[in-house]
Amino acid sequence: MSNYTFDQVIDRNHTGAAKTSAELIMDHFNLNYYDDTISMWVADMDFACPPAVIESIKTRADKLIIGYTKPVNAYHDSIINWYQRRHRMNLQKDWLVFSNGTVSAIRNSLRSFTAEGNGVIIQPPVYYPFEREIQDTKRTVLRNNLIRDEENNYQIDFEDFEAKCKNPNTKMFIYCNPHNPIGKIWPAEDTAKLLAICEAHDVLFFADEIHCDLIRSDAHFESALNLTNDKNLIVATAVNKTFNVAGMHITNLVIKNEALREQLAGFTGSIGLSPFAMEATIAAYDKSEDWVVELNKTLDDNLAYLDEFIKEKLPKIKFNKPAGTYLTWLDFNAYGMEEKKLLSVIADEAHLILEGGSMFGEAGTGFIRMNISCPKQVLVEALNRLEKTFANR
Ligand SMILES: Cc1ncc(COP(=O)(O)O)c(C=O)c1O
């Protein structure tokens, strides 16, 4: 019997939520948003945050003054204990570097550790702000495209990766594990191999591991931090995805190498922590573990439903259940529709907002990313609409 409910449909209108902003969706995708549209794009969840997190924010507000804040020991301890307990990671307080979000940390790292024109490796199809940040900071995007087989299983192209690292102009690699959008958790051997190559060629390894707590019950995640490479590794950890608090912009980087920490701090200066972020982090890591366990069961259930539904009713879509994340990567290639047309049919006929795979790189063309972290009844409704829309196509 669950202590939490994941079936409450919460109205996100009038909260400034990006996910349900008609204006943003029109700007971003040029798609229509109707009164009954179901938004399944941006990676936050439609579940209420853990009760302890909400309570901690209210309790903090009741203290009446929202002043400058020095993180208390309980803040660092909550992070250290969580990663020790759940991922056998031995963190030290000095290694934790606060950042207002992971994308912001990536941008700051690009600016701190690389120069204009330097090469930065990514592995498309991958979370699109990686490429955007590299381009915005005038670095050069190096695409180590994932290799996809006929069953849509993805592998890393190590040969190409090493060749790219060997170029002395290559200075940084942004790794995504678990990988958004394909949902794969990279085996420890793969991560170790990439770490060794980066170490050998002096390429900074930025491991974005912020989806690591949202994984299937039979899946195993191994952090880059548990493997050898202390010299040039930055690991991004966050409460963001796990506890559905993306709007708080709380990321803690783990950087063992003191020289790297100093170089980054030299660029960013000190970054203040909001007292709400501090309290929410403590409540999340110390008091909401059972909530995460229940959440993962709910995601397992949603994914099982989606899998069955597609097999039975939409067999032209190819789908592999992701081992990590709540994002699904649906192969619509069999419909032979151009992406723009496909997305507008989905928006205008099914009243769903989904994301086109090409956003994640050319390698994603023909795919659709669908976020299934919503109450089951919402997912059921969305899938029924998809079935109706694609039944005769
Ligand atoms: C892999 C990955 N990294 C970073 C982010 C964004 O993190 P933040 O909001 O902390 O910048 C996301 C959000 O979807 C993500 O999926």
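Atoms within each ligand, like the ligands themselves, are counted from 1 in listed order. Along the sequence shown, residues carry numbers from 1. Basis for what follows: all heavy atoms, side chains included, without hydrogens, waters or symmetry-related copies.
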Q: Does ligand 1 have an atom that lies less than 4.0 angstrom from a heavy atom of His249?
A: no
Q: In this structure, are over 12 heavy atoms from other groups packed under 6.0 Å from Lys316 atom NZ?
A: yes
Q: Starting from atom 10 (O) of ligand 1, locate the nearest protein heavy atom and write down its residue, its atom name and how far away it is, to 0.1 Å.
A: Thr102 N, 2.8 Å
Q: Is it the case that the side chain of Thr69 and the backbone of Pro71 share a donor-acceptor pair, with hydrogens and angles ignored and the cut-off at 3.5 Å?
A: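 Not at all, since once roles are kept as given, no pair shorter than 3.5 Å links the two residues.
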Q: Does a salt bridge link Asp213 with Lys241, judged by any charged N lying under 4.0 Å from a carboxylate O?
A: no
Q: Suppose we measure from atom 7 (O) of ligand 1 to each protein heavy atom; which comes out shortest, and what is that distance?
A: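 Scanning the protein heavy atoms, the shortest distance from atom 7 (O) of ligand 1 goes to Asn240 ND2, 3.5 Å.
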Q: Measure Ile210 to ligand 1 on non-hydrogen atoms and call it side chain, backbone, both or neither using the 4.0 Å cut-off.
A: side chain
Q: Is Cys176 close enough to touch ligand 1? Criterion: a residue heavy atom under 4.0 Å from a ligand atom.
A: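 Under 4.0 Å: yes for Cys176.
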Q: What do you reckon, does His179 put a non-hydrogen atom under 4.0 Å from ligand 1?
A: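 So His179 does not count as touching ligand 1.
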Q: Between Asp331 and Phe367, which heavy-atom pair has the shortest distance, and what is it?
A: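 In this case the closest contact between Asp331 and Phe367 is CB-CE2, 3.5 Å.
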Q: Out of all atoms in ligand 1, which are within 4.0 Å of some heavy atom of Val103? Include the element for each.
A: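 With Val103 as reference, the close atoms of ligand 1 come out as 6 (C), 11 (O).
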Q: Tell me: protein heavy atom nearest atom 6 (C) of ligand 1, and distance?
A: Tyr127 OH, 3.1 Å
Q: Identify the closest protein heavy atom to atom 14 (O) of ligand 1: which residue and atom is it, and at what distance?
A: Lys241 NZ, 2.8 Å
Q: Going by the order shown, which atoms of ligand 1 are within less than 4.0 Å of some heavy atom of Asp208?
A: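 Per the distance check, 1 (C), 2 (C), 3 (N), 4 (C).
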Q: Could you tell me which atoms of ligand 1, counted from 1 in the order shown, lie closer than 4.0 angstrom to a heavy atom of Ala43?
A: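 In order of numbering, the contacting atoms are 14 (O).
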Q: Which ligand 1 atoms, with their elements, are less than 4.0 angstrom from a heavy-atom of Thr251?
A: 10 (O)
Q: Quick check: Gly101 and ligand 1, any N/O pair under 3.5 Å apart?
A: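 No, since none of the N or O atoms of Gly101 sits under 3.5 Å from an N or O of ligand 1.
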